[in-house]
Every structure is written in C-alpha cells, then in structure tokens.
Student: 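Sharing a structure with you now.
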There are 2 protein chains.
Amino acid sequence: MVYRQTNRIKEKIECKRREIIRAAREVFAENSYQGTSIKTVAQRAKIATGTFYLYFSNKEALINTIVDEMFSELLEYIKNERAVYTDGFDKLQASMEACIKLFIKENNLAKILLIQVPGVNNAFNAKLIEIENELIKLTKEDLDELKVQGRLTGEDTLVSAMAFVGSFRQVIIGWLREGRPEKLNEAFSTLMQYNLRGLGKKPNHNRQENGEDER
Amino acid sequence: MVYRQTNRIKEKIECKRREIIRAAREVFAENSYQGTSIKTVAQRAKIATGTFYLYFSNKEALINTIVDEMFSELLEYIKNERAVYTDGFDKLQASMEACIKLFIKENNLAKILLIQVPGVNNAFNAKLIEIENELIKLTKEDLDELKVQGRLTGEDTLVSAMAFVGSFRQVIIGWLREGRPEKLNEAFSTLMQYNLRGLGKKPNHNRQENGEDER
DNA sequence: TAATAAAATGAATTTCAGTTCATTTTATAA
DNA sequence: TTATAAAATGAACTGAAATTCATTTTATTA
C-alpha cells in the first residue's frame with residue numbers, strides 16, 4: 001500500500017492559510033464583515049471558493065481568527081513600547097503612541113477593528129469591546145498609579161480613562177475615514193497635551209524630562 | 001361609477017406609518033440592522049409582512065428614514081438648548097448636555113446611531129459620519145469663537161473638537177453597552193471638566209459664573 | 001345594501017451568500 | 001510509471017430573509 005505522509009507541503013499549506021488571512025484582511029478592510037463574501041476573499045487569495053473551507057470552517061471562524069490576531073498584535077505592541085518606561089505619564093504616552101504607530105503601519109488592522117467590524121453581531125462584537133475595554137483598563141491602571149502618587153488633580157479615573165481613549169479613537173477614525181487630520185503624528189502631540197491637561201497633570205517637581213505639557 | 005376618495009383615513013395611514021417606524025426603532029435598537037427582519041418589524045407593528053411594503057419601498061428606505069429623523073431630532077434638540085446662551089463655553093456645555101439628555105430620554109436613538117447601525121455598509125455609514133461630523137463642526141465653531149476671544153490656550157481647534165466629541169462618545173457608549181459609568185448625568189460634569197481643562201480654558205476674568213473648572 | 005377600489009394579508013417567489021460535494025488535479029512513494 | 005490519497009475546484013445545494021402578488025378584507029358612496 002503506497003500511501004503518503006505530508007512533509008514540507010505543510011509549509012505550503014501554512015503559507016496558503018496565511019495568504020487567505022492576508023487577503024481577507026484586505027477585503028474586510030475595504031468592505032465590511034457582511035459586505036464581503038467568501039467568494040471575494042477566495043478570489044483575492046487566488047483559490048477556489050471551496051478551497052476556503054479546507055482552511056477555515058466558516059466565515060465567522062475567519063473573522064474570529066483575524067480579530068484575535070489583531071488583538072494580540074496590538075496588545076503585544078503596546079506592552080513592548082511601554083516596557084522601557086516606569087513613569088506613569090511616560091507609560092501612558094507610550095501606550096497611545098504605540099497604538100498610533102501600529103495603526104499607521106497596519107492600516108487594515110485599524111480599519112477592521114475601528115470601522116468595519118463594529119456593529120456586526122452581538123456575539124463577537126464582544127471581542128471588539130473587549131479590546132477597547134482592555135485599553136481603557138490599561139489606561140485606568142496608569143491613572144490610578146499617578147493618582148496615588150498625587151500627580152493628578154482629576155478624580156474619577158474610569159471616566160478619565162474613557163475620555164482619554166475616546167478622544168484618541170475619534171481622531172484616529174477621522175484620519176482613517178477622511179484623512180482629517182492629515183498627519184496623525186502631528187495630531188498625536190496635540191492630543192496628548194489635550195489629555196494631560198484634561199487629566200489635571202500637575203507641574204513636575206523633581207523630574208527632568210519633557211517640556212511638552214502645558215506651556 | 002362609485003369610486004372613492006381618501007379622507008381622514010389618511011390620518012390612519014399616517015398613524016400606521018408612524019407605528020411602523022416606532023416598532024422598527026425598537027427592533028433595530030434591540031438587534032441591529034441586519035439582525036432584524038422585516039417580518040419581525042411587521043409583527044411588532046402588528047401588520048402583515050406584505051403591508052410593510054405599502055409603506056416603505058424596502059428595508060433600506062426604512063432605516064434611512066429612521067436615521068434621517070434621528071439626525072434632525074438630535075440637531076434640533078441641540079440647537080434649542082444652545083439658543084439660550086451666548087457665551088462660548090456655555091454653548092459648548094449646552095450642546096453636550098443636550099446630547100446626553102436626548103440619549104437618556106430616547107434610548108433607541110442612541111443605540112441605533114451609536115451602536116447598531118455603524119458598520120452596516122459603506123453607503124449609509126456615510127450618514128452616520130455626517131452626523132458625527134456635524135457635531136464636531138458645531139464644536140469647532142464654538143472653539144474658534146473662544147479662541148478669537150483669547151479664552152483658550154489650546155491651538156488646534158479641529159483636533160480639540162474631535163477629542164471633545166470623542167471623549168463624550170466613548171463614555172456614552174460605555175453607558176449604553178454595559179452601564180458603565182452607571183449615572184451618565186454624573187459622568188457628564190466630570191467629562192465636562194476634563195474637556196475644559198483639556199481645551200485650556202483660561203480662568204474667568206470679568207465673568208461671574210460656575211466654579212466648576214479647575215480647582 | 002351594492003358596487004367599487006383602496007388597504008391588508010400571508011403564502012409563494014426570488015435572491016443571494018454561505019456551504020457542500022462529486023470530480024479533477026497534484027504530490028508522494030513504491 | 002503507477003497506485004494512492006491529499007488538495008483543489010467550482011457548480012450545485014441550502015437556508016434565510018427580502019420582496020411580490022393573487023386573494024381577502026375594509027372603507028366609501030350612491
């Protein structure tokens with residue numbers, strides 16, 4: 001009986017799987033979850049419609065995989081960028097800067113997470129909400145730390161954290177949707193100042209660094 | 001030839017049309033645009049499925065009507081509430097307070113505009129974007145006026161306006177989705193303070209009112 | 001009350017995208 | 001080179017929801 005084992009066509013298969021994901025990210029970002037058909041994804045990935053189902057059990061499994069990967073990608077990126085800092089304000093800034101850097105680098109990720117997928121179905125909208133909440137949670141932790149250190153005047157750290165994240169979200173979405181503001185980089189520092197003032201950052205005592213808060 | 005003219009069954013028909021819209025707002029708010037079927041809307045409005053099509057050409061026409069009405073409702077409400085004030089900061093505050101009051105009063109409106117409809121399809125996502133942009137525009141106008149009067153330190157009024165609106169949006173959505181914060185009213189004043197600080201509101205000179213900015 | 005037409009009904013039809021599957025192609029190893 | 005099975009194909013199938021339409025009900029007026 002001359003059967004056969006898989007060897008390094010495993011690689012080829014893994015490659016094709018990645019290619020499907022890559023293509024799907026493109027198409028989802030352009031259209032939306034329900035706006036894109038498996039047929040379109042398959043075409044973009046240069047495979048037959050049926051082949052798709054050898055790689056993913058269905059459409060939902062695909063978007064789930066994509067959103068999960070994006071979630072990890074974003075969080076890992078943020079954690080890396082934060083790792084350098086110990087100061088609360090620095091960590092806060094590093095988080096948001098990481099988001100913006102990643103969104104600029106990976107446009108599809110931003111479009112899918114912020115624009116195309118929300119509102120799809122309650123089931124896995126939950127996943128997106130989880131991402132947003134995770135960011136708010138991270139932010140709140142930083143704020144609580146700063147509060148304990150007596151370096152903030154604002155009181156309600158939950159509402160502050162939401163305001164903080166929300167202000168960034170709005171500007172990023174404006175940029176994604178209509179290129180307004182044009183330069184996200186430049187808006188970033190304005191936004192950061194806005195929020196530091198909003199948080200009630202007290203003037204630095206014994207610290208040496210950045211003169212980029214209130215003038 | 002004994003024909004017939006419509007007289008005040010016109011009223012009845014108009015009534016039924018309103019009832020369909022009312023029912024649809026409920027159902028869309030609970031489910032989502034694609035999550036709700038015309039059959040469900042018809043049942044909720046206590047009519048047969050086919051009857052629906054005597055009142056609206058199709059599902060899209062229905063949601064369009066609803067969103068358009070909500071748009072007008074929101075803007076009119078805001079403009080009314082603003083009308084009392086002349087001071088820039090007061091107008092700003094009145095705008096956001098109007099939003100929040102309306103969202104509390106008309107939960108469906110908030111859910112549909114902020115949660116259920118976004119991400120449906122690019123075509124009439126545009127309508128929602130228009131609403132958001134209109135709010136940002138209004139806000140920016142207030143900020144520009146304040147800037148001219150030299151009552152703000154912040155520079156970029158577009159980014160500030162986006163941050164302002166975005167921070168409110170985030171908190172309102174948190175409240176709609178998970179009841180966090182619990183009391184939107186209370187969060188409002190925190191948020192307002194946050195944003196006034198963020199904008200760089202200068203201490204009042206010759207004005208008499210509210211001591212609710214920085215302490 | 002009868003004739004007429006608007007309004008309402010809900011079963012039948014259409015549409016459309018997700019998914020399946022019989023068939024073909026490709027890769028493996030004897 | 002051939003037998004075998006994995007992988008790929010795309011036309012056919014399916015189900016669900018939008019829309020239509022033949023029929024019934026309701027309202028109107030002579």
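Values below: all heavy atoms of this structure, side chains included; hydrogens, waters and symmetry mates excluded. Quick note on labels: first sequence line is chain A, next is B, and so on, each numbered from 1.
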Student: Got a sec, which pairs hit ring-ring contact (aromatic ring centres under 6.0 Å, His included) with one end in residues 77-105 of chain B, sequence neighbours left out?
Tutor: none
Student: Between C/dG18 and A/K59, is there an OP1 or OP2 to side-chain N/O distance shorter than 4.0 Å?
Tutor: yes
Student: Thinking salt bridges, do A/E69 and A/R18 make one under a 4.0 Å N-O criterion?
Tutor: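 Here A/E69 pairs with A/R18 in a salt bridge, since their nearest N and O are under 4.0 Å apart.
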Student: Between B/L54 (CG) and C/dT9 (C1'), how many Å, whole number?
Tutor: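 Result: 10 Å.
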Student: Can you check the B/I38 CD1 to C/dG10 C1' distance for me, whole Å?
Tutor: 15 Å
Student: Quickly work out the B/Y53 OH to C/dA7 C1' distance and round it to whole Å.
Tutor: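 B/Y53 atom OH is separated from C/dA7 atom C1' by 17 Å.
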Student: Applying side-chain contact (heavy atoms from CB on, under 4.5 Å), name anything that partners B/T51, two or more places apart in sequence or on another chain.
Tutor: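 Testing B/T51 for side-chain contact (heavy atoms from CB on, under 4.5 Å), a comparison that skips the adjacent residues, returns B/I47, B/A48, B/L54, B/Y55.
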Student: How many whole angstroms separate atom CZ of B/F56 from atom P of D/dT19?
Tutor: 13 Å
Student: Given D/dA8, C/dT19, D/dA17, which nucleotide is nearest the side-chain atoms of B/S37?
Tutor: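 The answer is D/dA17, which lies nearest to the side chain.
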Student: Rounded to whole Å, please give me the gap between CZ in B/F52 and P in D/dT19.
Tutor: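 After rounding, the reported distance stands at 8 Å.
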Student: Mind checking if A/T40 touches a base, just sugar-phosphate, or nothing, with heavy atoms under 4.0 Å?
Tutor: nothing
Student: For A/K46, answer base if it contacts any base atom (sugar-phosphate contacts may also be present), sugar-phosphate if it contacts only those atoms, and nothing otherwise; contact means non-hydrogen atoms under 4.0 Å.
Tutor: nothing
Student: I want to verify a distance call: between C/dA27, D/dT19, C/dT19, whose nearest atom is closest to the B/T49 side chain?
Tutor: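 The nucleotide sitting nearest to the side chain is D/dT19.
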Student: Taking the basic N atoms (NZ, or NE/NH1/NH2) and the acidic carboxylate oxygens, is any pair closer than 4.0 Å for B/K127 and B/E132?
Tutor: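 So B/K127 does not pair with B/E132 through a salt bridge.
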Student: Name the nucleic acid region contacted by B/T36, choosing base, sugar-phosphate or nothing; use a 4.0 angstrom heavy-atom cut-off, strictly under.
Tutor: sugar-phosphate
Student: Considering every strand and a 4.0 Å limit on heavy-atom distances, what is the contact class for B/Y55: base, sugar-phosphate, or nothing?
Tutor: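 If one applies the 4.0 Å heavy-atom cut-off, B/Y55 turns out to touch the sugar-phosphate alone, with no base involved.
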